[in-house]
Amino acid sequence: MKIGLDVSQTCAERAGCAWYADALTRALVAEGLPRGHTFELYHHFGEWINADPRRGTMIDDPRVTTPLRAMKPADARKFWHDVATGEPLPGKPDVVLSFNFHAPKLPHTKLVYTVHDLAFWMHPEFATDETRLVCQRELLQALARAAGFMFVSQHTRNEFEQILPAWFRLNPRPHLLAPGASRFPAAEVARAKPDSAPWLVVGSLEPRKNHAAALDAYEIYLAHSGLRRPLVLAGGAGWKSAELHARLDDFKARGLPVRYPGYVPDPELAALYASSYALIAPSWHEGFGLPLVEAMAAGLPVLASERASLPEVGGSAAIYFPPESPAALADAMLSLENEPAACPARAAASLDRSHAFSWAGTAKSVLEFAGRL
Amino acid sequence: MQVSFILPLYNQLALTRACLASLRATVPATVTHEIILVDNGSTDETREFLRELAPPHVILLNDRNLGYAAANNRAARIAHGEFLALLNNDLVLEPGWLEPLLTAFAAHPRAGLVGNIQLHATTGAVDHAGVVFRDGGYPVHHRGELAELQAAGGIVEFPAVTAACCLVRREWFLRAGGFDEGYFNGFEDTDLCLRARDDGLVNLVATGSVVRHHVSSSAGRGTHEYRNARRFLARWAPRTAALEREWNLKLARDHAALAARRYFTPLHRKLGFGARALRHAHRAALAAEQRARRAATGRIRIGIDLLQLQPGGANGGIKPFVLTFLAEIGRQRANEFNFALFAPAALREELGAVLRPGDYLLEPADGQLTVSLRQTKGWRAAGALSLADNVAGKAGLDVLYAPFGTSQFMRPDLPCVSLIVDLLHRDLPAALPVEEVNHRHAWFTRVAAEATFFQCNSHDVVQRLGENYGVHPARCFHTYNAVQGRFPATGGALPAGAPEEPFFFYPANFWPHKNHETLLVAYRLYAQAAASRAWPLVCTGHPDARMDLLRELRDGLGLSDRVIFLGHVKDEAFSALWARAGALVFPSLCEGFGMPLLEAMRFGVPIIAADSTALPEVAGDACVQVDARDPQALAETMRRVAIRTDLKDTLIARGHTRLAAFSLELEAGRLAHFIAAAARRQAP
């Protein structure tokens, strides 16, 4: 099969969808090439046109082509317009996988559409206007155009059922679960951490990620903890983050051990996971939750919000708390720190749980799914 | 009935008795009247006293002190008189006080509030002979010697008068919404007077009407003074400051004229010199007065840039809004306004209703403007203008009206009224291509500095214009798009494809901010639950590529048989649709007004509306509000409205009541007033 892959979002600063696209693309190529498949990567996709696509996912192999990587935005727009009106894609792929919410019209090939989450309809207050207008249009386009669907979690599949009840029953369309995994290699064994190892939060600064709860809980924790571990927030500035930045400045002014390294690129991020004490994930809503599997693969205990897809991903390994209650999170942090047996047990459970997720595994099921279309 | 006297009461029964006695003694027998007493929760023997009264007294009892504004508004709503006479209970009315007020209305068709001269009850000194502005726009009573005030004229114009004793037309009072109940015992009368001026009315003092007033015997004013003043100034300052300057000049001129008559004539006779210079200055002042008066009453030529109009419905609501308003102000000011319309040739037929004989039509063709003069029958060619020239100057324009916000004919020396329908490019930039966002921002920035006045569709737009471009509210006025009357009351045939049964109706062009995608998903949720009882959904709008896409999305959702896209529908068929509609569903993410809201109220259709931007301001309580970004909430609201007859009836009734506040005559009159003020370079 020739398979087209959407890597459009990997060309900008990368967050959840982009990491998913990049990791799954690499895994599909790794699993697919030995099986005789070839691939075509699109660095612009549908209405997502990049100013400069050269930072996007690149794989050095003659069987993986990148026909759009050198295209300027105006040409890319014309390209996808021509495709919609009947021009075939360069490599004439058998199937095209969309990873970034876009569902262009593809008259000559089959489209498989990935649904990451439906937050823009379920929790509109957590989506920007731009996200909302784009995603609502493109998702409905996918319903009209896609030959198959991928859901990144059962929770997302359930949300889909809630917003569009009985749609799959009335429109039988093949679909499968395609969960993410850690893109960093798993630790051999969960290592004990020094007293200076920090609490870690990974995620861009936006209301949905609920950093405020982590900061509130951290203040309570500091008042009661003997060790007073630092807190590290890794993630680029998203939107509506002015208040958060002000709070971080205030913490720094008070001499509290909070670090904000901003957006952390990959090699440093892996090292950060390895050297942290535990992950805190206080989100109000997630489609999957890549930081959870990444932390678990690094052998970190995980304290996660009990909402959305997080319990599904964390399984019984993570410790859960209600995201509206920083006190509950602070309690969990102190329990983990003060009970001697808790941390190693949780770390081991995390590592164990992380084995349930693998990009290779997801890639294999996706290839099989695409073949059956 | 001619007059409804309205007295709000709060204790001080002795003063009330005296006031009523003086009223009964001074009302002429020929004046049919009622006396409405509104008790604001008095704690003395007032209520016992009121129980003894018989018609023509009407008693309203409030269980607590609702304030001056609310008490008067309540009384106005049940009054029957052509005029409302608003009275304080601490007045002592003198014989012959009422007739000059009635005469003032007879003499001045555009009278707003007519007040009189009030003397201190004990000292006899003049307490009020009109309200002027001082110290940068703060309202104060105009005072002086009684004889001098009466010598100035029987009926004198003032920017405002006190409502302690005044006459106002009941119909206008109700249409304007009465007193603003956000004030508590202070400034509500000056606020009402300024709103009357905005509607093109004038406030007068009938100096022949003199009453006595026990000034400041009512307690409770001082405690609220600061808050009231702040509210008043926030709305009206720098405009009252401008009025202050204008009035000071006028009063000074009047004073100088009076002084000249009194002092300089015998002096000049005695001295025999200086008189010529004085006479010369006096004559020059008189000539300037005459010129100003001529300018103030002469004809105004208004240039109107409609070059962005398109045939059909592609422009959306702005087209019927602008054309209906222009026809109305042309009618209202037929003796005063001449139009010079700049419009594409293809629109000539549609503009027929707007143009009167004597108006000009300028149509672009090959870098030129072909000029045509409208005659009683047909047109006369009147040459051409080159677009490279100073078109506004050559066309002799006194003022430019830019319904599309900006105009290529704007010039630094030409007053301009600019219509701002929304700030979509700031409130929801994601709904527009980035080039369009930049384009709009550029001309908004330019126009914000250059235009004289800004016509906005709602207070919401006034506020956003201020926040985003620093335009002071004093330079803005709002006009509500009260053009729902353009549809014939009884519709023709339903357009082909329309359902016979009740349906959800969303008339809106298919722009992204109109939010059709979420509506489709919400509708699907509603229809799944309601099964065979589900109402269909009908959407109308200019057919374009977006409509084709939405049809595709509808089919993808499996709603082909229940969701109908009718494309552009002409006015008669539109009436037929409104007559059959079960409910209006209006989930738009950004509106400057929301014309379908008034259309729904007019046709008695219940309303579901988004809870953001201008929609709450326009729809008020006559709608069910919903977060339009949330399909589940929208679906639930649709379900409730479709099923619950009591909810539907309540919404329809409220809509009917609310519609009375939207009068084309009033709103278009406000536009005419500001265009005229801009043209004459006067304070509005």
Side-chain angles (χ1 to χ4, degrees), chain A residues 46-49 51 73-74 77 81 84-85 101-107 111 113 115 118-147 149 158-173 239 285, chain B residues 424-435 437 510-531 545-546 548-561 563 587-590 610-613 626-635:
Chain A
E47 309 254 348
W48 184 289
I49 307 292
R77 258 187 277 271
H81 176 79
T85 51
F101 272 110
H102 282 265
K105 201 172 208 157
L106 303 174
L111 173 70
Y113 184 82
V115 185
L118 291 151
F120 56 93
W121 272 329
M122 306 294 292
H123 300 279
E125 68 275 20
F126 291 137
T128 64
D129 290 323
E130 175 151 14
T131 305
R132 182 185 354 276
L133 289 182
V134 170
C135 291
Q136 69 184 17
R137 179 191 74 223
E138 298 287 333
L139 177 59
L140 293 190
Q141 278 172 196
L143 295 185
R145 299 170 181 177
F149 293 83
N158 295 345
E159 279 191 335
F160 185 97
E161 196 61 35
Q162 194 179 335
I163 279 285
L164 295 156
W167 190 83
F168 277 110
R169 182 165 56 78
L170 297 165
N171 305 275
R173 216 72 65 86
W239 63 296
H285 184 276
Chain B
L424 181 62
H425 67 295
R426 303 288 292 187
D427 292 330
L428 197 62
L432 293 167
V434 67
E435 311 83 45
V437 172
F510 302 106
W511 296 311
H513 69 279
K514 298 291 187 180
N515 204 18
H516 285 86
E517 286 92 339
T518 299
L519 177 58
L520 287 175
V521 170
Y523 177 77
R524 186 177 183 280
L525 278 167
Y526 154 76
Q528 286 247 306
R546 268 281 296 179
D548 296 334
L549 174 65
L550 288 167
R551 276 206 174 119
E552 185 191 345
L553 304 188
R554 168 200 64 182
D555 296 342
L557 285 167
L559 298 170
S560 317
D561 52 339
V563 175
S588 172
L589 294 173
C590 181
D611 61 1
S612 70
T613 59
V626 67
D627 181 351
R629 309 168 302 172
D630 183 345
Q632 293 177 96
L634 184 51

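Sequence lines set the chain letters: A, B, ... in the order given, protein chains first and strands last, and positions in each chain run from 1.
- Distance check: B/R524 CZ to A/L140 CG gives 10.5 Å after rounding to the nearest 0.5 Å.
- In this structure, CD on A/E138 lies 9.5 Å from CG on B/L553, to the nearest 0.5 angstrom.
- Of the inter-residue distances, the one linking A/W121 atom CH2 with B/E517 atom CD reads 8.0 Å to the nearest 0.5 angstrom.
- To the nearest 0.5 angstrom, B/L520 atom CG is 14.0 Å from A/R137 atom CZ.
- When A/L164, A/L170, A/T131, A/L139 are compared by the number of non-hydrogen pairs under 4.5 Å with chain B, A/L164 comes out ahead.
- In this structure, chain A has heavy atoms under 4.5 Å from both the backbone and the side chain of B/A431.
- The candidate with the highest count of non-hydrogen atom pairs below 4.5 Å against chain A, out of B/L550, B/T518, B/D627, is B/T518.
- Interface remark: A/A166 contributes backbone and side-chain atoms alike to the contact with chain B (heavy atom separation under 4.5 Å).
- Put simply, CG on A/L143 and CG on B/D555 are 12.0 Å apart, with the number rounded to the nearest 0.5 Å.
- Only the side chain of B/Q528 comes within contact range of chain A, with heavy atoms under 4.5 Å apart.
- Residues A/Q136 and B/N515 are in side-chain contact: their nearest non-hydrogen atoms beyond the backbone lie under 4.5 Å apart.
- For the atom pair A/E125 CD and B/R629 CZ, the distance stands at 6.5 Å (nearest 0.5 Å).
- Side-chain contact between A/L133 and B/L589 is present, with at least one heavy-atom pair separated by less than 4.5 Å.
- Between B/D427 and A/D129, the shortest heavy-atom contact is O-OD2, 3.9 Å.
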